[in-house]
Amino acid sequence: MLMLGIGAPAAFAKRNKQSTQNQLDSFYEEPTKKLPVRKFDVVVAGAGTAGVVAALAAARQGAKTALIEVKGYPGGTVTEGGTALHSFYNLWKAFPGVKKRQVVKGIPQEIIDRLVKIGGTTGHAEMSKGYDFDSVCTAIDTELYKLVTFEMLAEAGVFICVNTLLTGAIMDGSRIKGAITESRSGREAFYAKSFVDCTAYGDLSAYAGAKYTEPNDYPVVNSIGVGNVSMEKYHEFLKSHDAVTQLAHGRRSGKDNQIVRLDGRMVNLPAGFSDQAEKIGMSTVTTTVHDNYFMFIKLNFKMPVSPTDRDEVAKAELELRRRQVKAIELFREYVPGCEKAFIARTSPKLCIRRGRLITCDYDISHEDVIEGRHFDDDIMAYGFHDFAPRFQIKNGGTYGIPYRALCVAQIENLLVAGMMITSDKRAHMSTRNTVSCMGQGQAAGTAAALCTAKNCGSRDLRYATLRDTLEKTGVYFET
Ligand SMILES: Cc1cc2nc3c(=O)[nH]c(=O)nc-3n(C[C@H](O)[C@H](O)[C@H](O)COP(=O)(O)OP(=O)(O)OC[C@H]3O[C@@H](n4cnc5c(N)ncnc54)[C@H](O)[C@@H]3O)c2cc1C
């Protein structure tokens with residue numbers, strides 16, 4: 001590890017340069033090949049935060065549904081990137097007199113209910129400090145989340161293809177006819193009437209020729225889970241420096257009223273800690289569902305180019321792993337009770353807050369978000385902003401996500417859900433959060449199934465039919 005640390009950057013850069021040159025030197029023309037065809041009503045690409053919910057929604061509407069996921073489990077960034085699921089509620093605590101209401105229900109809440117039964121979540125723990133950011137902290141056991149969603153997908157009869165990479169789209173004019181996949185079972189074509197792209201990077205949309213942008217305006221991150229640590233001791237450490245900015249108590253290791261979320265003001269912490277933390281892009285926020293464990297210490301690294309560049313990603317992956325080790329060293333050195341901390345888990349690959357942004361029929365603006373606008377084709381309500389308290393939804397209320405924001409421009413039968421919608425960076429700071437992605441997933445999967453049943457394109461679906469079905473399946477709408 002140490003040797004790699006010293007010698008690797010120059011050698012790596014040289015190798016990468018060579019491999020790029022090699023790629024440009026010559027080309028190999030693939031021979032044409034007949035692919036086996038599998039036929040479905042709905043194909044959902046990506047079994048992440050949004051995709052799991054989309055596939056469940058489609059299958060429960062009776063659509064023969066396939067779900068294509070490159071990793072070996074469902075869950076995506078909700079199990080790899082962040083700290084808690086933001087947010088099932090409006091920001092009532094920051095607005096005295098405003099009514100507390102759960103604004104995302106339906107399948108996302110069902111997942112939480114299943115997790116509650118097996119000790120896999122803090123539940124919706126109320127924040128006692130920092131509630132002008134979020135009123136609740138809903139933390140999850142990331143491994144149990146993967147299991148629970150896997151089981152729910154199997155129960156719903158979804159044809160689950162894990163370890164399967166989506167590699168292309170087969171077009172018939174402006175309709176997608178099929179998705180091409182690659183796995184150890186070979187290359188296959190998945191035909192369907194409706195498609196939902198939940199790949200986060202919009203891979204299916206890009207293959208289908210949809211318009212997109214790649215702003216590359218966020219660092220990439222590999223979050224770590226840290227073992228052999230104590231929330232109580234970390235709390236003491238922050239408190240001793242008058243640095244606690246967020247605090248929530250909830251269910252942890254089977255006991256109620258335990259500390260489950262903490263964040264601290266970095267500038268108040270000892271310079272040796274804060275200076276080093278800044279250098280490695282480390283944040284102080286953490287949540288947990290278990291004793292002796294911190295979830296998701298984030299390490300940020302800003303790549304010079306878009307994270308769709310494989311060779312630059314390789315360099316970033318290495319850099320992030322170096323930062324993870326440094327983060328552990330900081331905890332061991334500075335935080336009493338964390339002297340034996342170790343990296344208990346990492347994400348299988350780096351995460352990004354936005355990669356490709358797919359052009360849809362409507363692009364949600366920041367004014368829509370903070371003014372709390374609702375639309376005549378709302379598919380859900382949402383009330384969280386990642387930049388709170390600087391930006392909050394007016395009066396602790398909600399805004400609506402319109403169905404049009406999920407319809408990929410110029411493609412007839414493709415919907416998207418998740419972090420790939422919304423080009424305005426500040427609006428995206430709201431729409432990209434996990435609970436929003438899950439809600440979008442429920443709407444997109446439901447709409448795809450209805451389009452299949454009615455044999456129509458995404459834009460020909462009657463909104464009243466979609467709304468009625470969403471309401472019947474537990475989706476909350478503001479009245
Ligand atoms: C570091 C970080 C911290 C965050 N913190 C928080 C937080 O604290 N709270 C919060 O609410 N939100 C947080 N977010 C935002 C939120 O986690 C994400 O925006 C959201 O989870 C994205 O969901 P998604 O469904 O769009 O994508 P994902 O959940 O990433 O799902 C995409 C899925 O598609 C699969 N896939 C991709 N391409 C292919 C392909 N070609 N073939 C097959 N499968 C493919 C992926 O493997 C993945 O499973 C954070 C994000 C990051 C990156």
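In listed order, ligands and their atoms are each counted from 1.
If you number the atoms of ligand 1 from 1 as listed, the ones under 4.0 Å from a heavy atom of C351 come out as 53 (C). Close approach of ligand 1 to I68 (heavy-atom distance below 4.0 Å) involves ligand atoms 43 (C), 44 (N). Within ligand 1, counting atoms from 1 as listed, the ones closer than 4.0 Å to a heavy atom of V78 are 21 (O). For ligand 1, the atoms lying closer than 4.0 Å to a non-hydrogen atom of A50 are 25 (O). Those atoms of ligand 1 with a heavy atom of I352 less than 4.0 angstrom away are 53 (C). Within the listing of ligand 1, atoms 26 (O) sit less than 4.0 angstrom from a heavy atom of G418. Heavy-atom proximity to L165, at under 4.0 Å, picks out these atoms of ligand 1: 40 (C), 41 (N), 42 (N). Every atom of ligand 1 is numbered from 1 in the order shown, and the set under 4.0 Å from a heavy atom of A84 is 7 (C), 8 (O), 9 (N), 10 (C), 11 (O).
Put simply, atom 14 (N) of ligand 1 has no protein non-hydrogen atoms near it, under 4.0 Å away.
Shortest contact from atom 34 (O) of ligand 1 to any protein heavy atom: G46 CA, 3.2 Å. Protein heavy atom closest to atom 11 (O) of ligand 1, with residue, atom name and distance, is T434 OG1, 2.6 Å. Protein heavy atom in closest approach to atom 26 (O) of ligand 1: M419 N, 2.8 Å. At the top of the distance list for atom 16 (C) of ligand 1, counting protein heavy atoms only, stands R432 O, 3.6 Å. Of the protein's heavy atoms, E69 OE1, 3.2 Å lies nearest to atom 35 (C) of ligand 1. The protein non-hydrogen atom at the shortest distance from atom 30 (O) of ligand 1 is T77 OG1, 2.5 Å. In terms of protein heavy-atom proximity, atom 44 (N) of ligand 1 is closest to V70 N, 3.1 Å. In terms of protein heavy atoms, atom 31 (O) of ligand 1 is closest to G48 CA, 3.2 Å.
In plain terms, the two heavy atoms of V53 and P108 that are nearest each other are CG1-CD, 4.3 Å. Closest heavy-atom contact between L204 and D197: N-OD2, 3.2 Å. Contact between D41 and A192 at its shortest, heavy atoms only, is O-CB, 3.5 Å. Taking all atoms of both residues into account, the shortest heavy-atom contact from N413 to K193 is ND2-O, 3.0 Å.
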**Message:** Run the side-chain hydrogen bond (donor to acceptor under 3.5 Å, both in side chains) test on T446 and Q61 for me, step by step, so that the C-alpha distance in whole Å, both residues' side-chain angles and the decisive distance to 0.1 Å come before the verdict.
**Reply:** CA-CA 7 Å; T446 304; Q61 285 305 310; 5.3 Å; no
**Request:** Kindly indicate, with the supporting measurements, whether the criterion ring pair (Phe, Tyr, Trp, His ring centres under 6.0 Å) is fulfilled by F384 and F133.
**Result:** CA-CA 8 Å; F384 174 78; F133 171 69; 5.3 Å; yes
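Both tests do not hold together for K315 against F301: distance to the six-membered ring centre under 6.0 Å, angle to the ring axis within 45°.
Not one N or O of L85 is nearer than 3.5 Å to an N or O of ligand 1, by distance alone. When only interatomic distances are considered, the shortest N/O to N/O separation between A417 and ligand 1 does not fall below 3.5 Å. Between C437 and ligand 1, a contact under 3.5 Å exists for no N or O pair. Residue-to-ligand polar distances keep S223 apart from ligand 1: every N/O pair is separated by 3.5 Å or more. No N or O atom of R353 sits closer than 3.5 Å to an N or O atom of ligand 1.
Taking the six-membered ring for Trp, F477 and H374 have ring centres at least 6.0 Å apart. The six-membered or imidazole ring of Y399 lies away from that of F375, with a centre-to-centre distance of 6.0 Å or more.
With hydrogens and angles left out, the side-chain atoms of T422 and R354 include no donor and acceptor closer than 3.5 Å. Residues T434 and T49 bring no donor and acceptor atom of their side chains to less than 3.5 Å of each other.
For the side-chain contact (heavy atoms from CB on, under 4.5 Å) with Q109, the qualifying choice from I107, I111, D113 is D113, the only one to do so. Applying the side-chain contact (heavy atoms from CB on, under 4.5 Å) test between T181 and each of L35, V43, T164 identifies T164 as the sole match. The only option from D386, L357, N433 that meets the side-chain contact (heavy atoms from CB on, under 4.5 Å) definition with H428 turns out to be L357.
Atom 36 (N) of ligand 1 has its nearest heavy-atom neighbour, among T199, N163, V416, L166, in T199. Proximity annotation for atom 24 (P) of ligand 1: of L204, T49, V44, T49 comes nearest, heavy atoms only. Of the candidates C198, G81, A139, it is C198 that places a heavy atom closest to atom 32 (C) of ligand 1.
Using a 4.0 Å cut-off between heavy atoms, D203 contacts ligand 1 through its side chain alone, with no backbone atom that close.
Taking the charged nitrogens against the carboxylate oxygens, K326 and E329 have no contact shorter than 4.0 Å, which rules out a salt bridge.
Residue contacts with ligand 1 do not include V435, since none of its heavy atoms lies under 4.0 Å from the ligand.
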